[in-house]
Structure formats: C-alpha cells, structure tokens
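Each remark here refers to the structure printed beneath this line.
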Amino acid sequence: MLSKFPYLRQDFLASIVVFLIAVPLCVGVAVASGVPAELGLVTGIVGGIVTGIMPGSSLQVSGPAAGLTVIVFEAVSEFGVATLGVIVLIAGLLQLAMGFLKIGRWFRAISVSVVEGMLCGIGLVIIAGQLYAAAGLKAPETGIGKIVGLPGAFADALGSTQALASLAIGAGTIAVIVLWRRMPKAVRSVPGALAAVVLATAATAALSLPVATVQVEGLLGVIQPPGPETFGELATPAIWGTIIAFALIASAESLFSAAAVDRLHNGPRTQYNKEMIAQGAGNTVCGLLGALPMTAVIVRSSANVHAGAKTKASRVLHGVWLLLFAAAMPWALALIPIPALAGILVHAGWKLIPFRQIAALWRAHRGEALILVVTAASIVAVNMFEGVLIGLALSVIKTAWEASYVKLEVIDKGAGPIQAHLSGNATFLRLPRILDSLESLPQDRPMELNLSGLHHLDHACRTALEDWAERHSAVGTEPVKVTEPVKVAATEPV
C-alpha cells in the first residue's frame, strides 16, 4: 500500500489541516452569500472530491470563495436561491468550453510582483477579518473597514470576559502552531495546526469556556437540484450577465491562485487548460446540486502546501472529511471552537505576506515593488479580482514604458544640415520627449532626420514626425530629409 502511495502519511495529515480551515470558510462564505450554511459545505465537498481528483493543479484546493460573495448575494436577491443552481451550472459549462478551447493558458501571463501582491493583499484581509472572529466579534464587510475597525474591536474585547476567553483560545492556537516547529522531530510529524485545534478543543471543554463553536446541520435537506421551471429563467437577458460574470471571475481567481500556489512549492506545475476544465466540471456539479459556485482558494491551497501535502490525495481527502463530518457527524464539528480556527487562518494569512520578497524587490526593482504594494492595497480596498486587474494593468504600463526606450542624438557641425538620429523603439509613450527635443532645434537650418536606428516606429510617432517635418519645412528652409527605418515591417502590428 505504502509503495503505491509513498506520501500517504503526509497527504493524510495535510488533508485534516485543510479540512479544519475549510469548515469555517465554507460556512462563512455561504452565510455572507445569503444562502444556507450547508450549501457552502456542499461546494467544499465537490471542490475536494470532484475537482480534486481531476488533473490540473496538484496541490491547489477548491471550494466556495469570498471573492464571489457579493455577486452571489446579488444573484440570490434578484433571481432567488432556486435559480442559483442554473446560474452555476451554465457558468460551469462555459468554463468547460473555455478549457477545451485552451483559453486557460493565457492566464499564465501574470507578473511575479502581481502574484506576490495578491498573496500579500489576501493575507492582510484574512488576518484583519479573523482577528474579529478570534474575539467573537462581527467583522466589517470591507477590507478597509476590517483594518480601520481593529482598534475599536480590541477596546470592546477588553471589556468583555467572553471576548477575552475567545481571544485567549485564538492566541493560544497561534502560539502552539509557531512553537510546534521547536518540538522534537517525532512530535512534529503531526502538523502544528492539527495539534493546536485538538489542544484548543480540549481546553475549551475542560474549562467550560464561553466560546462559540462550529454550528452545522445535515446536508440532505438543503440540496435542491434546479427544476424545469428554473431553466425558464434563462430567457431573461439579465441572468446571462450574471452567468458570464460567474464564469469569468471564477476562472480568473482560480488560475491566478494557481500561479501563486506554484510559487509556494517545487512540485508539478499547473496545467492551466486542464485546471480550467476541472473548475468547470466542479461548478457543473455544484449547479446540479443547487450549491454555491466554486473557485480555487489560495488560503486552503497555501495551508495544504505548508502542511506538507505532496499529491492531490490531500485535497481529495479533505473533501471526504467534509462529507463525512457534515453529513454523518455534524455533532463532532460542534466541539471545535471558532477562535481556534480563526487562529489557524491568522497564521496562514501571515505566511502569505512575502516580507523577504518585498525587501528584495525594493532594493533591486522599485517599480516592481510598487506594483506589489499597489496590488495588495487594491485587494484590501476593493476585492481580489479587481485588485489583480489593477496590478496587471500597472505591469503592462510599466513594461510598455520600459520597452519604448528611445534615444535622440543631435549632431550639429556648425555648417550644413543638423542631423537628428533616432534609435530604439519610438512609441506614443515617448512622443512628448521626442517632439520637445526636435522642436527645440533651430528653425532656420536644414534638417536630416535619420530613423534607420529604430527597431519599432508606431503609427502615432510616424504621424507626429511627419507633421513636425512638414512644419519645419514650411518656414522657408529646405525640406527635411528623412531616412526611413531599415526594417519597415517593424512598423506594422504583429
């Protein structure tokens, strides 16, 4: 048995850690989306067992994601919970089509600084939000609100015995995880997060602490496959906007997450088109069960990597544990204190913040460091999807600016025409500088404009240079002599 599955022990232990993190996230995302908590667990089970067993990204874990809560809540408010299954089903089929059409590989074009910024932003939001959960308090809805409200939340906690007891369990959980690495090697074979939850559960029960625990009912009562009448909603044009939004946002978050997870381990790299197909298959099943939409989730995925997972068996097993406990033994989940799970998430969020990478980027590439910081801040201020888009836009602008390097050399021998040599890549981004330099040259002297050193001359620059030459020649001097670029084809779009 062990020869066929050499990493079974590591994957088994990692799956339990991911399961413990997945429970509060599945429940919390469902409640925030305006649907029964159990539907979040159904999506987590499908993400673990169905998507988990498929090829794509070996260590990435899927389930309901906080990034979709707003759009899901709006869809449920407008179309109803019964229609949610149809929306998710069609979105899943669209993802399958995109995967088979090999669109997934385009998501590989993502800057490293954007990926690090994404991890940093998500880590900050997780830490801020889970500090409220550790104190037994309700967190604000927005990332900015979570961070700004922390001082007031701590002030409120200091005046409440129940909140202090809850904070003590959360802080103790973090302390156990951090100190666990100093334990003997034999003890460290058990993941620190698992040991911390067991100890926190035991302490809560032994001391009868007034701490909230996980509350889950059975699953069978909430599964509602879409009926024939709900498919009639597809005739409503408005629903298609929601379906397309689900498909695109879920795909983008999953594949952006895959790029980030690949940087956390040295195992097999993500096969993006296959991962898109796996996500589409998972959402198709979620739609048939009337559950929440699914994406790959960076928190569970990073916890899976840090807990020592080696193969996809860990994520499949985490889905099995969700099914077993939520369907057959919900009472067992009720023993786990919520602040202990919050402590695990705070530690996981801290691990996502790339402190060393930020310092190294600042020393070597301050432009990349700025993109990282702006991406993280945008995720905190808005959400993950739009924050990543902002980071990508900055990366494209920065790359375009750097790629459009152009040099203007002016040779004036005192007699005869003034020679202006342009070399490099002349794009509209550098056009103001080029024109300022040319227009500062004497107007009463003949000019020779040599463009043979240009590798690229875009339409905007060519038009502007032609206009400048025409204006210069109009004052009575000889017409400007222009030497064209050697590679004329370089001026055409690829």
Side-chain angles (χ1 to χ4, degrees), residues 103 105-118 252 256 259 361-378 385-412 417-443 445-475 477-494:
I103 293 175
R105 65 189 181 91
W106 290 102
F107 287 89
R108 299 182 66 181
I110 180 170
S111 161
V112 172
S113 56
V114 173
V115 172
E116 299 289 1
M118 181 181 78
F256 289 157
L361 274 177
W362 183 254
R363 288 192 297 267
H365 306 283
R366 294 197 174 183
E368 294 293 330
L370 180 62
I371 291 173
L372 188 156
V373 171
V374 171
T375 302
S378 300
F385 180 67
E386 294 180 16
V388 170
L389 289 183
I390 291 171
L392 286 174
L394 284 178
S395 294
V396 171
I397 293 171
K398 175 178 176 292
T399 302
W401 179 259
E402 292 177 345
S404 64
Y405 171 79
V406 66
K407 179 182 178 182
L408 175 61
E409 183 181 5
V410 177
I411 302 175
D412 184 0
I418 299 175
Q419 298 176 348
H421 295 264
L422 275 173
S423 58
N425 298 298
T427 71
F428 69 95
L429 294 173
R430 303 287 182 171
L431 189 52
R433 176 187 171 190
I434 295 171
L435 291 178
D436 286 345
S437 299
L438 291 176
E439 290 170 353
S440 67
L441 297 175
Q443 296 292 309
R445 299 273 301 279
M447 293 287 303
E448 292 181 0
L449 182 60
N450 191 331
L451 307 180
S452 62
L454 289 177
H455 303 298
H456 176 75
L457 176 63
D458 69 10
H459 179 71
C461 269
R462 174 179 286 279
T463 302
L465 290 174
E466 289 174 350
D467 290 344
W468 168 82
E470 184 177 345
R471 291 195 306 274
H472 188 88
S473 303
V475 297
T477 60
E478 297 179 17
V480 176
K481 182 180 178 181
V482 179
T483 304
E484 291 289 334
V486 175
K487 297 180 180 180
V488 178
T491 63
E492 300 297 327
V494 177

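Note that this is a predicted model, so its numbers are computed, not measured. The figures that follow rest on heavy atoms only: side chains count, while hydrogens, waters and symmetry mates do not.
- Proximity of Pro442 to Ile418: side-chain heavy atoms (C-beta onward) are separated by under 4.5 Å at one or more points.
- Look at Glu466 and Arg471 and you find no salt bridge, because none of the NZ, NE, NH1 or NH2 atoms lies under 4.0 Å from a carboxylate O.
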Chi angles and distances behind the side-chain contact (heavy atoms from CB on, under 4.5 Å) call for Tyr405, Asn425: CA-CA 6 Å; Tyr405 171 79; Asn425 298 298; 5.7 Å; no
Test side-chain contact (heavy atoms from CB on, under 4.5 Å) applied to Leu454 and Leu451, step by step: CA-CA 6 Å; Leu454 289 177; Leu451 307 180; 4.0 Å; yes
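- Considering OG1 of Thr463 and CH2 of Trp468, their distance stands at 15.0 Å, rounded to 0.5 Å.
- A donor-acceptor pair under 3.5 Å links the side-chain atoms of Ser440 to the main chain of Ser437, judged by distance alone.
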Evaluation steps, side-chain contact (heavy atoms from CB on, under 4.5 Å), between Glu484 and Arg462: CA-CA 10 Å; Glu484 291 289 334; Arg462 174 179 286 279; 3.1 Å; yes
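- Annotation: His365, atom NE2; neighbour count of heavy atoms from other residues, nucleotides and ligands within 6.0 Å does not exceed 12.
- Remark: side-chain polar atoms of Arg366 are paired, donor with acceptor, to backbone N or O of Trp362 under 3.5 angstrom.
- For the atom pair NE2 of His421 and OG1 of Thr483, the computed distance is 8.0 Å after rounding to the nearest 0.5 Å.
- With rounding to the nearest 0.5 Å, the separation of SG in Cys461 from NE2 in His456 is 8.0 Å.
- Considering all non-hydrogen atoms of both residues, Ile434 and Leu408 come closest at O-CD2, 4.4 Å.
- Counting only heavy atoms from C-beta outward, the side chains of Gln419 and Leu449 never approach each other to under 4.5 Å.
- With rounding to the nearest 0.5 angstrom, the CG atom of Leu435 is 9.0 Å from the CG atom of Asp467.
- Note that the OG atom of Ser378 and the CG atom of Leu394 stand 7.5 Å from one another [nearest 0.5 Å].
- Put simply, the side chain of Gln443 reaches to within 4.5 Å of the side chain of His472, judged on heavy atoms.
- Atom CG of Leu422 sits about 8.5 Å away from atom CG of Leu457, to the nearest 0.5 Å.
- Using a 4.5 Å heavy-atom threshold, the side chains of Pro417 and Met447 count as separate.
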Residue pair Leu465, Leu438: steps toward the side-chain contact (heavy atoms from CB on, under 4.5 Å) verdict: CA-CA 9 Å; Leu465 290 174; Leu438 291 176; 3.5 Å; yes
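- At a cut-off of 3.5 Å, with distance as the only test, a side-chain donor of Ser452 or Asn450 sits close to an acceptor on the other residue.
- In plain terms, the two heavy atoms of Ala460 and Leu431 that are nearest each other are O-CD2, 4.0 Å.
- Side chains of Ile371 and Lys398 form a contact here, defined as non-hydrogen atoms less than 4.5 Å apart.
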